[in-house]
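Read through the structure below, which is laid out as structure tokens, and then see the notes.
Note that the structure is predicted; figures quoted are calculated from it, not measured.
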Amino acid sequence: MSAISGKDYMQRMAALKPNVWLKGQPIEKPLFMHPVYKGAMQTKASLYDLQVQKENLGFMTFPSPFTQEPAGMSYLEPKTAEDLKRRRRMIETWAKATCGMMGRSPDYMNTALMSLSAAASIAGSQDEEFAKNLRNMYRMALEQDLSFTHSFINPQVNRSLYYTEETRQPIAAKIVKKTADGLVIKGARLLATEGGMTDEVLIFPSGGNNLSDDYAFAFSIPANTPGLKFICREPFHSGESAFNYPLSSRFDEMDTLLVFEDVLVPWERVFFYHRQDIAFKLFTQSGFAPHALHQVVTRQIVKLQFLIGLAQVMINSLEVTAYEHIQLKMSEMILGLESMEALLLRSESEAKVDAFGTMTPSSHALYAAVTLFSKLYPHYISLLQQIGAGGLMVLPSEEDFASPIGKDIEQYLQGAAVDAKTKTKLFRLAWELTMSSFGTRQTHYERYFFGDPIRLAKNIYSSYSREQYMDRVKDFLEKAEERPQD
């Protein structure tokens with residue numbers, strides 16, 4: 001089947017029937033009919049439609065290495081620098097379709113699964129069957145164009161370095177039994193974004209806390225596996241009106257808690273177990289981090305472009321472009337965007353074939369970019385708030401314009417360069433992005449997207465080679481001592 005359409009995706013989701021709970025109640029109807037899931041699932045379906053449009057097949061798909069059928073480009077294992085650029089162009093296309101707002105569009109985990117499968121020999125150090133399982137999962141995902149939610153972290157109970165669980169019932173998901181049929185998992189995992197609206201759930205172990213080998217495992221299972229439950233956070237969906245809620249009505253990706261109630265994971269779905277060393281090697285020796293970051297940074301750049309466009313349209317609507325503080329704010333945003341774009345291009349220009357034969361972008365530039373973005377994004381959201389100022393505080397609704405008070409709104413809430421309805425649509429967009437529950441979730445999500453920014457900065461400090469720069473300083477000092485004194 002390979003690359004699917006939006007209709008294919010919706011039909012699969014209708015047949016899946018995962019166990020999803022919202023505000024203490026199970027969702028009985030198909031998720032794509034529920035107002036909390038409907039907008040995001042329709043948007044996701046539109047992404048699949050985009051990739052199979054005749055004019056897009058040439059750059060959004062590639063011939064499957066298994067069947068030669070058109071497969072989603074995000075599954076491509078790049079072998080050349082040009083392959084990296086081809087995949088990036090596809091990622092940009094999907095990101096532009098969502099304004100960069102959907103952090104878990106399918107290409108994110110597709111890219112991650114590709115890189116882990118390429119390094120499947122690491123899992124094979126425990127059992128060659130596990131390496132085969134990982135490669136088979138990649139093939140099945142590519143040929144069926146599966147989508148994944150995932151979890152790498154445990155519930156946030158105690159974040160101390162040496163926390164160990166002493167409860168009678170597990171909190172963090174762990175192996176409680178090994179049977180002839182597979183592993184039995186009990187406990188919970190945190191923050192599965194898009195929980196319930198994907199085909200599969202991919203689980204890898206989290207770091208930290210010095211937990212035992214019972215917590216070190218990796219697998220992928222269907223989202224409707226018996227015993228698996230998704231518990232939703234508070235919805236940020238406020239209504240279906242694209243006028244009133246231009247972002248949350250389309251892009252609110254539900255975040256969920258995964259609960260495993262004695263879930264049986266068949267052996268053919270297991271990638272490794274009881275091996276923390278394999279987990280460490282898969283994250284550090286495979287191309288997982290640089291390839292995932294390549295997708296992340298590409299999307300983040302598109303999102304910054306959208307923020308800059310939004311800021312400038314707001315400025316034009318109020319005719320405040322002559323103010324120096326406005327020019328300074330826009331310059332700050334442009335500098336950040338140019339820095340992010342330069343880092344992404346550098347990661348591609350310094351790409352090399354890794355130990356597994358995969359063309360892999362430079363991780364230093366990408367870690368720098370994602371760490372920089374975690375600081376830039378909250379600041380730029382603040383700049384948008386300052387540009388909008390009091391105009392973000394009194395925003396009429398679509399219903400107001402259609403009511404008897406519509407003429408008052410048209411008169412008193414117009415902009416210097418636009419009518420009141422145009423200005424309101426624009427400022428409601430800025431409000432949703434900067435001040436709504438959807439917008440604050442976006443800010444928080446981007447701040448921690450690839451982990452704690454402090455840990456990311458520490459990783460840069462510990463992994464970045466500085467010896468050559470130190471040698472220059474030492475050489476300079478030595479030569480200075482050799483200069484003849486007057």
When you compare the side chains of [X] and [Y], does any donor N or O come within less than 3.5 Å of an acceptor on the partner?
{"X": "Ser248", "Y": "Glu432", "answer": "yes"}
{"X": "Asn110", "Y": "Ser74", "answer": "yes"}
{"X": "Ser64", "Y": "Glu69", "answer": "no"}
{"X": "His291", "Y": "Arg87", "answer": "yes"}

Trace of the ring-ring contact (aromatic ring centres under 6.0 Å, His included) decision for Tyr48 with Tyr9: CA-CA 8 Å; Tyr48 286 120; Tyr9 165 70; 5.4 Å; yes

Tell me if a side-chain donor or acceptor on [X] pairs with a main-chain N or O of [Y] at a distance below 3.5 Å.
{"X": "Ser117", "Y": "Ser115", "answer": "no"}
{"X": "Thr43", "Y": "Arg250", "answer": "yes"}
{"X": "Asp252", "Y": "Leu247", "answer": "no"}

Worked verdict on Glu268 versus Asn136 for side chain to side chain donor-acceptor pair (under 3.5 Å): CA-CA 9 Å; Glu268 63 269 20; Asn136 286 343; over 6 Å; no

Pairing of [X] and [Y] as salt bridge, 4.0 angstrom limit:
{"X": "Glu92", "Y": "Lys96", "value": "no"}
{"X": "Glu350", "Y": "Lys352", "value": "no"}
{"X": "Lys132", "Y": "Glu128", "value": "no"}
{"X": "Glu200", "Y": "Arg269", "value": "yes"}
{"X": "Glu261", "Y": "Lys229", "value": "yes"}

Aromatic ring proximity, centroids under 6.0 angstrom, Phe152 and Phe288: yes

Ring centres under 6.0 angstrom apart (Phe271, Phe219): no

Distance under 6.0 Å and angle within 45° of ring axis: Arg139 vs Tyr75: no

Arg441 to Tyr445 six-membered ring, cation-pi geometry met (6.0 Å, 45°): yes

Partner of Glu348 by salt bridge (Lys or Arg N to Asp or Glu O under 4.0 Å), out of Lys85, Arg89, Arg88: Arg88

side-chain contact (heavy atoms from CB on, under 4.5 Å) partner of Trp94, chosen from Gln295, Met60, Met73, Met102: Met60

Residue from Met41, Met109, Glu253 passing side-chain contact (heavy atoms from CB on, under 4.5 Å) with Glu194: Glu253

Intermediate values then yes/no, side-chain contact (heavy atoms from CB on, under 4.5 Å), Leu146 and Arg12: CA-CA 10 Å; Leu146 301 178; Arg12 276 208 312 235; 3.9 Å; yes

Non-hydrogen atoms of Phe230 and Pro18 that approach each other most closely: CE1-CB, 4.0 Å

Non-hydrogen atoms of Leu57 and Pro70 that approach each other most closely: CD2-CB, 4.5 Å

Ring geometry between His150 and Tyr108 (parallel below 30°, tilted from 30 to 60°, perpendicular above 60°): tilted

